[in-house]
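First comes the structure, then the notes that go with it.
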Amino acid sequence: MTVSIKRWEPENPIFWLRRGRRIANRNLWLSILSLHLNFNIWMMWSMVVVNLPAVGFALSNQQQFLLVSIPPLVGALMRLLYSWIWSWVGGGLWLGISTLLLLLPAVGVAAVVQDISTPFPILLLVSGLCGIGGGASASHLSNTSFFFPKAAKGLAMGLNAGLGNLGVSVAQLAIPVAILLPLFGAAGGMPQIWGVGGAVHPVWLQNAGYLWLPFIVVIALACLLYAHDLPKLRITPHDQLDAMRDPHTWYICLLYMGSYGTFLGFAAAFPLLARNMFPLIDVTPYAFIGPMICALSRPLGGWMGDHIGGGIATMLSNGVMALATVGVYLSMPTASSGGSFWLFLAMFQLIFFAAGVGNGSSFQLAPKVFLLQAGQQAKATGLNVAEAYARGGRRGASAMNVSSVMAAFGGFVIPKSFGSALAAFGSFLPAFGMFFVFYLVSMLVAWWQYSRPGSRMRC
């Protein structure tokens with residue numbers, strides 16, 4: 001089973017160089033592998049739903065957008081549990097357990113897609129199971145943050161989250177290929193007949209779930225055998241409530257929702273959104289590009305946060321997302337024009353890039369802001385510095401957990417907004433207008449709180 005550690009002092013240079021860095025890096029890479037797989041599972045449903053009507057499932061546009069919005073919603077709710085349970089069970093042990101739980105959605109998806117008479121409530125249930133993969137960030141990233149010294153937290157968490165988030169792109173790239181092949185022979189079940197227009201061919205939609213089974217088992221065993229449990233931190237719901245009383249928790253929530261929520265929501269909604277706007281173009285080959293760009297740019301955001309300031313990097317990323325949203329509006333079809341798919345695609349890639357930078361820069365604000373706050377309070381009141389920093393570290397971890405939970409709701413809000421806007425107005429424009437205003441507000445908060453000269457929490 002996992003190895004328990006009794007003493008951990010990452011801020012001690014001698015300890016860090018002799019022993020700490022090696023252990024921290026091992027746990028970082030195990031966390032990356034597990035988190036990557038969790039994101040594979042979390043977002044695989046978006047690639048399944050876009051194919052369900054073509055194999056015979058009778059689903060309206062509203063139902064399809066609802067199906068892809070449920071996994072982010074459930075993932076956000078799962079984070080309420082994941083955000084503190086790891087600190088009681090042990091970070092390494094929880095890595096293994098949470099990875100094994102992914103067997104449920106993988107098998108569930110493989111089962112329901114083979115029967116076109118599956119009732120819609122059952123499809124909703126399975127989409128909810130996919131949300132299990134969404135809880136992992138709340139535990140994995142918080143656990144990882146305690147392994148590294150303050151000066152290295154931004155890059156470490158950027159790598160963990162960025163390469164973990166890459167699981168969305170990998171799923172959207174691998175699933176369209178996997179469902180075209182009888183990967184598991186007779187044991188994998190019979191194919192379905194996929195048909196759109198004059199194109200007809202067999203597909204094995206169940207491979208979208210079966211594909212991940214061997215990886216789940218191998219990575220879970222690796223975590224259980226080689227990960228480490230730090231001294232039990234015992235984060236509780238009370239710690240979360242304590243962090244929620246601080247306004248900086250909510251500022252960081254807003255900023256992280258603007259970037260991470262954008263990533264989740266657009267990754268889930270893009271295939272359906274593009275198909276509705278440009279029905280004559282097969283968008284499947286392009287679906288993975290944006291999430292991949294976002295995941296790869298997240299470490300850049302963490303690095304920028306360490307070197308030029310998290311507030312400045314977050315402010316810039318929101319400004320770029322706002323401008324790119326205007327570009328998406330200009331690309332949309334109108335009554336007199338078919339729109340520009342290539343401008344639409346390019347603007348979405350720009351949004352994903354800026355969201356990735358904002359993911360890395362805004363998430364690492366939490367530990368830095370609360371440690372800075374703890375130092376200022378210790379200096380002003382004469383409190384013991386070590387105790388103040390310990391409390392600041394706990395509040396920073398709790399604030400990261402709260403931010404992670406709230407930001408994941410963006411993955412539900414964005415697809416649901418598109419479905420509701422289409423049903424109520426016959427257009428996606430109201431949804432994009434709402435996102436544009438949100439990015440401007442986030443840009444203002446990042447500037448005022450964390451980047452303007454004179455701010456007490458500039459970092």
Side-chain angles (χ1 to χ4, degrees), residues 24-44 46 71-72 75-76 78-79 82-83 86 91-92 94-102 105-106 130-148 153-174 212 215-216 218-220 222-223 227 256 259-264 267-268 288 290-303 305 352 355-364 366 400-401 403-405 407-408 410-411:
N25 285 333
R26 177 200 289 187
N27 284 271
L28 170 63
W29 286 105
L30 287 172
S31 181
I32 286 171
L33 291 173
S34 176
L35 187 58
H36 183 96
L37 190 55
N38 274 271
F39 274 94
N40 292 149
I41 297 297
W42 196 13
M43 288 295 153
M44 69 174 172
S46 65
M78 291 293 290
R79 291 182 181 200
Y82 277 52
S83 64
W86 68 272
W94 184 248
L95 277 180
I97 293 173
S98 61
T99 303
L100 284 175
L101 290 176
L102 299 177
C130 292
I132 289 176
S137 288
S139 57
H140 291 18
L141 296 181
S142 295
N143 179 52
T144 298
S145 73
F146 282 98
F147 277 96
F148 288 85
K153 286 182 188 293
L155 181 58
M157 289 193 295
L159 287 171
N160 195 358
L163 296 179
N165 291 355
L166 195 60
V168 175
S169 182
V170 169
Q172 293 183 331
L173 177 63
W212 313 109
F215 297 102
I216 292 172
V218 170
I219 293 174
C223 292
Y256 194 51
S259 56
Y260 191 67
T262 290
F263 161 64
L264 291 179
F288 78 95
M292 179 180 66
I293 290 173
C294 185
L296 294 177
S297 64
R298 180 158 183 164
L300 174 62
W303 181 88
F352 276 117
V357 172
N359 284 349
S361 63
S362 60
F363 193 67
Q364 56 88 51
M400 284 194 295
N401 291 338
S403 299
S404 179
V405 171

message = Test of understanding: with side chain to side chain contact (heavy atoms under 4.5 Å, CB included), list the residues that count as partners of T144, not counting sequence neighbours.
response = L28, S31, F148, N160

query = Which residues satisfy the ring-ring contact (aromatic ring centres under 6.0 Å, His included) test with Y256, sequence neighbours excluded?
reply = Y260, F363

task = Can you sort out the partners of N165 under side-chain hydrogen bond (donor to acceptor under 3.5 Å, both in side chains), two or more places apart, ordered by chain and number?
result = none

inquiry  = Quick check for you: to the nearest 0.5 Å, what is the distance between F215 atom CZ and L37 atom CG?
reply    = 8.5 Å

message = Classify the ring geometry of F146 against W86: parallel below 30°, tilted from 30° to 60°, perpendicular beyond 60°.
response = tilted

ask   = Are the side chain of Q172 and the backbone of M43 linked by a donor-acceptor contact shorter than 3.5 Å?
value = no

ask   = Can you list the residues that meet the side chain to side chain contact (heavy atoms under 4.5 Å, CB included) rule with S34, with sequence neighbours excluded?
value = N38, L95, T99, H140, I219, C223

task = Determine the minimum heavy-atom distance between S46 and A268, stating which atoms define it.
result = CB-O, 3.7 Å

inquiry  = Any heavy-atom pair between the side chains of N143 and W94 that's under 4.5 Å?
reply    = no

query = So N40 and V170, side-chain contact (heavy atoms from CB on, under 4.5 Å) or not? Walk me through it.
reply = CA-CA 7 Å; N40 292 149; V170 169; 3.9 Å; yes

remark   = Sorted by chain and residue number, the side chain to side chain contact (heavy atoms under 4.5 Å, CB included) partners of T262 (sequence neighbours excluded) come out as F266, M321, I351, A355, Y439

note = NE2 (H36) and CG (L163) are apart, to the nearest 0.5 Å, by 8.5 Å

note = Residues S169 and F288: closest non-hydrogen pair is OG-O, 2.6 Å

inquiry  = Checking F352 now: which residues fulfil ring-ring contact (aromatic ring centres under 6.0 Å, His included) with it, not counting sequence neighbours?
reply    = none

query = Roughly how far, to the nearest 0.5 Å, is OG of S362 from CZ of R298?
reply = 7.0 Å

query = Is the shortest heavy-atom distance from the side chain of F39 to the side chain of L264 under 4.5 Å?
reply = yes

message = Return the CG to CD1 distance between L102 and I216, rounded to the nearest 0.5 Å.
response = 5.0 Å

ask   = About how many Å separate CD1 of I41 and CD1 of I132, when rounded to the nearest 0.5 Å?
value = 9.5 Å

key: Nearest heavy-atom neighbours spanning P291 and A267   = CG-CB, 3.9 Å

remark   = For M44 and C130 the tightest heavy-atom approach is CE-SG, 3.9 Å

